[in-house]
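Here is the structure we will look at, set down as structure tokens.
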Amino acid sequence: MRRIGFFTFAVGVALLPALFPDNYFVMAVGVSAGLNAILAVGLNLLMGYAGQISLGHAAFFGMGAYTSAILTTRYACPSLIALTAGLIIAGVIAWLLARPILRLRGHYLAMATLGFGVIVHVLMVQATPWTGGPDGLNGIPPLNLLGWSVDSDLRWYAVIMAALLLAIGLSLNLVDSRIGRALRAVRGSEFAAQMLGIDTGRAKTQVFVVSALFAAFAGSLFAHQQSFVSPDSFNLTVSVELVTMVVLGGLASTYGSACGAIALTLLHEGLVVFEDYEMMIHGALLMAVMIFMPQGLFIGLSQGARRLWRLKNKASA
Amino acid sequence: MKDYGWKIILAAALLAITSLAGAVEPIRIGSFLSVTGPASFLGDPELRTLQMVVKDINAKGGVKGRPLELIHYDTGGNAREALSFVKRLIQNDKVDLIIGGTTSGDSLAVIPEVEKAGIPFISLAGAVDIIEPVKKWVFKVAHTDRMAAAKIFEDLRKRGLTKVALITGDGGFDKSGREQLLKLAPEYGITFVADESYGNKDTDMTPQLTKIRSSDAEAIINFGFGQAPAIVTKNMKQLGINLPLYQSHGVASQTFIDLAGAAAEGVRLPAAALVVAEQLPSSDLQKPVLLAYKKQYEAQYGPVSTFGGHAYDGLMIAVAAMERAGDADKAKVRTEIEKTQGFIGTAGVFNMNPTDHMGLNLDAFKMVEVRNGAWKIVE
Amino acid sequence: MPEQLFQFLVTGITVGSLYALVGLGFAIIYNASDVVNFAQGEFVMLGAMTAIALLSAGLPLPLAAIVATLLTVLVGLLLERFAIEPTVGAPVVTTIIITIGAAIFLRGIALLLWGKDFHPMPAFSGDRPIHLGGATLLPQSLWVMGVTLLLVVLVRLFFNRTLLGKALLACSFNRAAAQLVGINVRVMLRLAYGLSAGLGALAGILIAPITFSSYEAGIMLGLKGFSAAIVGGIGNPMGAVAGGLLLGVLEALGAGFISSGYKDAIAFLFVLMVLFFEPTGLFGHKVADRV
Amino acid sequence: MTTALSTLPSAAPLLAVEGLEQSFGGVMALAGVSFQVPAGLIYAVIGPNGAGKTTLFNALCGFYSPSAGSICFEGDELLGLPPYRIAALGVTRTFQNLQLFFNMTVLENVMVGCHLRARTGLLAAALRLPGVRREERQLREWAHEALEVCELADRAEQPAGALPYGLMKRVEIARALAAKPRLLLLDEPAAGLNDTETLALRDLIARIRAAGITVLLVEHHMPLVMSVSDRLLVLDYGSVLAEGTPADIQADPRVIAAYLGGAVQYAV
């Protein structure tokens, strides 16, 4: 069952550019939806499964992006090494931060992660000699995978979709394993989890680091794909959007968060034509979905479909 | 939501088909502006101007018999959005030319994409880096921040002031301006005795100004745009600091005077001639252009701003180039834009060449001062 | 130096008063409904923008202020009725997204109504600065501090002395028990939203003459108000006031003595440090879960 | 049903509690509690509400940190250890207020119980290495065994939250058994159960003991306690009032006065 879902998704993703060659909505929007989906899948491990909210996830996204940007533009570092460095930096910072920050609960945790995100953003804006300040850094070379340069839209689409499939695969494996069950136990009841021998502090630290690594990975890809980075891409709004994607898609569902990310990216592209009305519609839609489908789009819609199906069967019976 | 995307594509396709069948193919002008967000100050009048001028040109029969079609996206001042919209303009909307990039960040972010695609791009932002070094397909029509810095320093030199305190915001415009000021200061013998900054959404700058008050500054330069410079101006008066205050061309509009109120009296800044159009001598070449634009704009939208003027300049330069090229072929239009000579715009007289993709000189800026609630040219 | 310090304190208390008012709004709503209302900053913006619009329509200032506050209260009530009530008992993240959605929605409406420009508002009693032992402050700052003080005292009296206030407080301790003793929890919920919206609107009207207002003006104030409420221990109204003042003063000192560019980073670093050492804020209840 | 032979404490008790003290804001919840639990018994703690029974459990499990005393489990000092370390030593429990993982199926709940018996780390899990698959199969088997013991095998794939209350309580027991503990703490397992369910519970507890697991039981349901326990500890106001076999306790005048109200006698 799990395999079927995964392969359907993979085939769908692979077919899109063949069916719609050179289509902006597939190539450019697809790439940014794919990056968002990687971020959402990673954040979902933390929020959906372990039940820990983060309103500062864009910070890790930014760390990956800026590490890649700085190392490749200032030190002519090969892109793969820069990417690895980004993962290490984000991972270490997440690890250091995890213990004190994950002791907090509910809104206090929301505040602390938000504050962390703001601090990192301020550093990006202010540390001009390193980060290029508000205008960011330009001229980041394309990703080079052992001699294969990712320099066309189609190649980027392929790389990012492969990365997304990898992220989904890792997430699915993790969730359905001893470690994943331990995480879900933390969300279910920290007391019971501890009494079954789960070091909940360690479990939370692990998942925080993992989701930071997902984010940094996406960040590094983002930097090479855009060929420039600026603090705008890593501010509070982005962090909030990421949380929205996860919740919109449905907490504790890997495909749900990926779908949430894709839906929100497309929504944004679609709403652009409404210009000044965009903001109002965006806000109203967010509220409506959360009020009428609190478990998220993915689950809400699939439940709705199932109910319809049952009704239909009943009618025909 | 996916359905929605397809509906748009379908609608666009239908539109394309009907327009093909019905009339001549329009020339597509793409634009991405910061109509919302912190730079909406600049982006909003730019968009209005483009819409106004396009309508005007189409009413007069278009360019070489083809109507103009404006396709516009709002970046909200976010460079990531800017890049994504430029891709959309090039790949999806298949535009012939791009005008836009309200902020330097937006403009700089899209340059690699524009160069790769080979499409003429006229930027409306200030940073020198946009055209230095020269990029084949990139032009710009707004004064650079370096010119603003030079103009301010010239004025300081005239007044015999050398010790200056600097206060800037944390946006791209502010930071880039600060860099140019610091870089250019030695040439004019200016020393900075204070260098403060603030967040563009901050509501109070008295701590920074208190520090400046205790320095031995003889004048203050505040480089920024939006509401923050107005707050700085008011806070200065509040703290009883009576030093000459220079603002940047970023606030050269009536809005600044409205916001800062009485505290704005005596504030100087370098501005395009548009803000003082009526005061120009009738011998001035720019005067008729300025008055015409101003009259037309104000009839539809209210007070003009110099930033809308940049959009006017950019579009008119592009149209002139297309007229000379005979069609909208990207390479030909690019070559013709580069050959722009003696074009009289709202920002000044443009003379471009292969090594200068802006073509304005320092005369394009006028030093103006607030007197009795209005901008006046300083002699 | 002491002169500078005094000036920073004056600035800090003015700004801090606003954070306190916004934080107070957060605390009241949290108390009544366990919801952190991220649209609180939008109440501030709505109050200011409506008052400005009414002023330019020719209404005298006191009347404009009152009408603007009442209209914002109405918005608060509508928000409660149509977005909060249907989702009572939803998880924290759901309510966070709903109120963020509400904030974006209200901002979108304001954009359509009043455009993107910044709008000035005349000061209540002139712009002539007052000199006070080396520091200067605007009469408007006195208005801000004075009205904040008055409102804080009134809110305190309301909670401690009036039956209605006590009933509202009872809801925050135990909703089911409050219901049992005959308190209409639904009405209390609406009361809380109305009260917070009103406080937010007043904060907006007070600050607009100093900072101007625009459709986006609520974002930053909302964020700082949330920080104030958290630092004070969420759900503790007076803690939020203390948190707001603390944050305001700290920002002013940080901007003045350390680095103005890193001012926000300093403020949030402080918030983080507080939480690391006091995980439920400076004046929060220590909650023990029952196993 | 009672096993009269095992009423004497064996030489080396499984659990030895000495002078345990715990106070909350000046109120002594535990005022120097001492007792010993011999291996292989069902040992019940009774007492009126507020006597300190649950506090005792929480102190034993490391959720509270008592101010004085010692908790010796098979020679290891438990005092000061975090709960997960205590669990690793072979002590686990159920909860008075259900602490089921409602976000998982019954089987998954019980598989979490096997946490300590497996080794899979983060990286291996994410990559799903061959060893991981093997271990998963093993865990599944163990979990099914625990479900069999608790007569829940047919509920394995249901979401834990969808079960009736009585079964939920049983899932907690299965989950705790899956950890293969040597000491199992049951906190009011009969609360909220009907008579049939209580009877089934009595059999289950007996089966658990038969499997060699020592049971420490807090319970209000006197017929159950009296019928299933080997020894009893009576707490009152945080102190030990009496200790002994059910028969001793029922005959103890202090217990009768303080707790049983002097009138009630329970038939075994």
Side-chain angles (χ1 to χ4, degrees), chain A residues 20 22-29 31-33 35 65 121-122 124-126 128 132-142 151-153 222 225-235 237-238 248 259-260 262-276 278-279 285 297, chain B residues 1-9 11-12 32 35-38 44 47 71-94 103-113 116 125 127 129 169-176 178-179 197 199-200:
Chain A
F20 306 96
D22 281 330
N23 184 306
Y24 166 81
F25 280 93
V26 172
M27 301 307 249
V29 182
V31 161
S32 90
L35 281 171
H121 185 252
V122 169
M124 288 172 188
V125 174
Q126 296 295 336
T128 311
D135 281 342
L137 289 171
N138 268 296
I140 302 165
D151 52 7
S152 74
D153 283 349
F222 172 75
Q225 189 255 336
Q226 301 265 305
S227 87
F228 91 103
V229 289
S230 70
D232 289 339
S233 308
F234 315 106
N235 59 18
T237 315
V238 175
L248 201 67
C259 291
I262 294 167
L264 215 63
T265 314
L266 289 178
L267 176 72
H268 186 68
E269 284 290 331
L271 285 185
V272 159
V273 293
F274 294 104
E275 304 207 335
D276 283 359
E278 178 186 348
M279 197 179 270
L285 277 177
L297 275 179
Chain B
M1 233 44 250
K2 236 173 197 163
D3 282 356
Y4 194 63
W6 296 122
K7 272 182 199 156
I8 293 182
I9 295 171
F32 63 105
V35 180
T36 55
D44 201 39
L47 175 60
I71 298 160
H72 164 262
Y73 299 113
D74 174 16
T75 70
N78 181 330
R80 177 184 181 182
E81 301 283 324
L83 180 54
S84 146
F85 286 135
V86 161
K87 282 187 179 165
R88 187 161 168 174
L89 286 171
I90 295 170
Q91 296 171 13
N92 196 55
D93 305 319
K94 312 245 185 282
T103 64
S104 301
D106 283 6
S107 295
L108 289 168
V110 306
I111 286 175
E113 190 65 29
K116 199 168 79 184
D129 303 356
D170 64 358
F173 178 82
D174 320 59
K175 290 236 162 182
S176 159
R178 173 178 166 273
E179 229 169 81
S197 70
N200 281 348

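The model shown is predicted, which means the values in this text are computed figures rather than measured ones. Lettering follows sequence order; numbering is per chain, from 1.
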At a heavy-atom separation under 4.5 Å, does [X] approach chain B through its side chain, its backbone, both, or neither?
X: Thr237(A); result: neither
X: Val125(A); result: both
X: Asp153(A); result: side chain
X: Gln126(A); result: both

- Asp74(B) side-chain N/O to Thr36(B) backbone N/O, donor-acceptor pair under 3.5 Å: yes

- Message: Tell me whether Asp170(B) contacts the main-chain N or O of Asn200(B) through its side chain, where contact means a donor paired with an acceptor under 3.5 Å.
- Response: yes

- Message: Please identify, among Ala79(B), Gly105(B), Gly77(B), the residue contributing the most non-hydrogen atom pairs under 4.5 Å to chain A.
- Response: Ala79(B)

- Note on the structure: Ranking Gly171(B), Gly199(B), Pro112(B), Ala109(B) by heavy-atom pairs under 4.5 Å to chain A gives rank one to Ala109(B)

- If one checks every heavy atom of Leu83(B) against chain A at 4.5 Å, the contacting part turns out to be side chain

- Message: Counting only non-hydrogen atoms closer than 4.5 Å, does Lys175(B) touch chain A with its backbone (N, CA, C, O), its side chain (CB onward), both, or neither?
- Response: side chain

Can you check whether [X] reaches [Y] side chain to side chain, under 4.5 Å on heavy atoms?
X: Ser84(B); Y: Tyr24(A); result: yes
X: Asp106(B); Y: Val110(B); result: no
X: Asp129(B); Y: Ser104(B); result: no

- Query: Could you give the distance from CD1 (Ile140(A)) to CG (Asn138(A)), rounded to the nearest 0.5 Å?
  - Reply: 7.5 Å

